[in-house]
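Taking it in order: structure first as structure tokens, then the write-up.
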Amino acid sequence: MKIITLLTDFGTQDGYAGTMKGVILGINPHVTIIDISHEIPKWDIKAAAFVLHSAYRYFPSGTIHVIVVDPGVGSEREILAVQTKDYLFLAPDNELLSLIFEHERDCMVYRMTHREKYLADLSQTFHGRDIFAPVAAYLSKNVPLSEIGEPYQDAVCGLIPKPKMDLNKVAGEIVYQDGFGNLISNISKYDLAESGISENAVISIKGKTIHGLRTSYSSLSAGELLALISSAGFLEIACNKCSAADILQAGAGTKVVIRTS
Amino acid sequence: MKIITLLTDFGTQDGYAGTMKGVILGINPHVTIIDISHEIPKWDIKAAAFVLHSAYRYFPSGTIHVIVVDPGVGSEREILAVQTKDYLFLAPDNELLSLIFEHERDCMVYRMTHREKYLADLSQTFHGRDIFAPVAAYLSKNVPLSEIGEPYQDAVCGLIPKPKMDLNKVAGEIVYQDGFGNLISNISKYDLAESGISENAVISIKGKTIHGLRTSYSSLSAGELLALISSAGFLEIACNKCSAADILQAGAGTKVVIRTS
Amino acid sequence: MKIITLLTDFGTQDGYAGTMKGVILGINPHVTIIDISHEIPKWDIKAAAFVLHSAYRYFPSGTIHVIVVDPGVGSEREILAVQTKDYLFLAPDNELLSLIFEHERDCMVYRMTHREKYLADLSQTFHGRDIFAPVAAYLSKNVPLSEIGEPYQDAVCGLIPKPKMDLNKVAGEIVYQDGFGNLISNISKYDLAESGISENAVISIKGKTIHGLRTSYSSLSAGELLALISSAGFLEIACNKCSAADILQAGAGTKVVIRTS
């Protein structure tokens with residue numbers, strides 16, 4: 001049983017994701033299709049990269065992850081197929097896969113070139129339907145990458161900024177705001193360990209100071225700001241039963257510093 | 001063919017529900033996963049209880065219903081597995097299952113205790129992924145409840161208030177506002193029968209009076225308020241092609257009275 | 001492997017679409033159910049007709065398309081089952097299928113009459129659950145149309161207005177605004193060819209003039225208006241990385257004219 005996941009900024013109103021599924025099932029009726037999200041903010045490559053990175057490892061080995069956040073659709077940008085040890089990723093060559101390239105060793109990178117695998121009536125505005133969907137479906141039927149494209153060396157990379165690490169201090173920024181208003185930073189639990197920062201830390205964001213790393217949202221009263229390690233392993237600023245993003249007027253790009261108290 | 005349904009307040013932007021599906025399919029690739037909703041208002045246990053109650057009986061016998069509206073995630077609250085004649089429910093012990101306990105006889109209630117069935121890298125903020133998903137997947141493979149947890153007597157209950165019944169009069173309240181702006185009350189068609197109230201009733205809500213129970217939205221002109229029995233069997237205040245909630249400035253908690261005319 | 005698609009205005013909060021899936025799987029556990037959209041603007045039959053028309057041909061032959069945008073639910077309106085060469089459509093008789101009738105030859109039209117195929121406890125407000133879902137499930141098990149209903153001649157039609165065609169000029173209107181704010185008109189690429197209009201055209205909308213048909217959104221700078229042929233084959237007014245609908249304060253019904261420059 002093969003799985004194809006879809007991660008796009010298409011929204012759910014217009015039937016675009018459903019249309020991709022129709023194309024996929026027409027080529028491989030036995031594949032299981034799972035939506036990761038179609039509600040990535042329009043054209044927000046950084047948010048898509050973060051959501052992908054949080055989700056992809058929880059799927060079974062062999063899963064094909066298809067990511068279409070593609071403001072350059074119809075331009076000269078390449079479309080990539082990237083094989084890692086456990087997964088295959090299809091995405092436009094626009095930094096979407098930066099975190100995958102960073103965390104996965106031994107990526108085999110192809111660019112798609114075999115137009116006979118695309119839909120015959122190829123549009124310039126909906127490659128999700130006309131290229132990504134049929135190619136993913138063929139790959140789910142074990143068509144080899146060499147029949148889809150050719151090896152490629154020049155994939156772009158480098159989207160998510162690195163935190164600045166010092167002894168007892170790490171300075172980073174918020175990279176994703178989730179639907180609960182939780183603010184998730186680029187500072188990982190490994191960064192904290194490396195800088196010698198424990199749960200008795202002090203966090204500064206937007207002029208506010210938060211003391212200590214908690215283990216759950218409900219450890220403080222409703223409405224209070226707190227910090228913890230997110231379920232994806234990053235420093236997260238949250239609020240019990242409220243939106244930290246609203247309270248702090250913060251979002252992607254907001255600076256955050258954590259230091260030993 | 002086993003079915004697992006998901007009902008959460010996770011929203012659809014962040015990939016949280018998709019991640020749960022990845023975990024489930026990694027353990028049981030042959031299960032069918034159906035979304036009931038991921039758009040329950042954040043932390044709104046009462047709304048989730050109502051939506052669950054409206055939907056669960058329409059699934060085939062043997063379905064596993066997983067409900068994660070869980071403001072207490074990571075705290076000491078228990079996670080329940082409740083076996084009824086036809087269904088198995090997984091939910092935090094926070095009154096989510098009150099209507100199930102009320103309507104289903106012979107509930108066998110377990111609390112989850114077998115940590116070896118959870119994901120190894122257990123977070124404190126995403127038990128949907130780390131506990132609910134793998135446990136549901138194992139149960140869908142017919143792992144017995146005794147290998148998941150232990151019998152439990154102290155599940156909390158009592159979320160939805162009861163209407164006040166008199167002869168020819170029932171006083172209740174709105175418990176759910178749906179996406180059309182329909183206002184659904186806690187007064188059931190059985191309550192009306194018991195109080196001797198027929199379709200020639202008079203309904204009072206927010207100082208407005210509505211005459212009679214209709215059988216369809218389109219029985220009045222567009223924009224007019226009406227009352228009928230909802231598809232889940234409760235007194236509902238609606239409006240043809242408009243939102244009763246907007247017109248009445250009403251919602252969950254608004255009082256409603258129905259009496260014989 | 002049979003496929004049933006769902007296209008409704010139910011939204012995703014209330015569990016209505018999930019409930020339909022429960023009913024379907026109770027009758028045919030082996031069917032694959034695909035959501036085209038549940039976010040059609042409430043009661044917007046024209047938008048649903050357009051989304052259906054853009055999506056339906058991308059599904060495998062044999063797919064059953066179920067469309068429930070049904071402001072007349074519970075009234076005397078008929079429910080149609082329409083067999084075309086490749087597809088079967090279930091929809092209320094309210095012009096939803098106008099574009100199907102226009103583009104598909106040899107439609108066999110039935111109205112549903114066999115109440116024993118409905119859920120026994122038939123509501124007057126949720127025919128999606130009580131009629132559409134079980135009937136679609138039976139049809140997916142190859143129950144013949146003659147056991148569902150009877151031939152019907154009087155289906156209503158005629159929803160989408162035709163553009164006015166002249167030599168070197170076509171005058172039409174916007175019929176759909178998608179989630180990106182793209183404005184899609186009723187002027188097809190065939191209309192343009194018939195009127196002798198090439199890519200060197202001039203487009204007028206809301207007092208603005210747009211020169212030329214582009215092939216991709218990213219062919220102009222971010223924020224600039226452009227025109228192209230949509231992925232469904234219609235004249236579309238768009239904007240690179242922004243919403244043409246917002247910039248032009250335009251939407252369904254806005255007039256658009258294209259002429260030879």
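Residue numbering restarts at 1 for every chain, and letters A, B, ... go by the order of the sequence lines. Heavy-atom basis, side chains included; hydrogens, waters and symmetry copies ignored.
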task: Specify which of B:Tyr58, B:Phe50, B:Tyr56 makes the most heavy-atom pairs with chain C at under 4.5 Å.
output: B:Tyr58

- request: Please answer whether the main-chain N or O of C:Leu80 pairs with a side-chain N or O of C:Asp93 as donor and acceptor at a distance below 3.5 Å.
  value: no

message: Need one label for C:Asp121: side chain, backbone, both or neither, based on atoms under 4.5 Å from any heavy atom in chain B.
response: side chain

field: Contacting region of C:Arg77 [heavy-atom separation from chain B under 4.5 Å]
entry: neither

query: Taking the six-membered ring for Trp, are C:Phe234 and C:Tyr176 ring centroids under 6.0 Å apart?
result: no

- prompt: Can you check whether C:Phe126 and C:Phe10 have ring centres sitting under 6.0 Å from each other?
  reply: yes

Ionic contact status for C:Arg111 with C:Asp154, cut-off 4.0 Å: no

- prompt: Do C:Lys162 and C:Glu102 meet the salt-bridge criterion of a basic N to acidic O distance under 4.0 Å?
  reply: yes

Chain C contact via [X] - which portion, at a heavy-atom distance below 4.5 Å:
X	value
B:Leu6	neither
B:Asp178	both
B:Leu228	side chain

query: Considering heavy atoms only, which positions within residues 14-33 of chain B lie below 4.5 Å of chain C?
result: B:Thr32

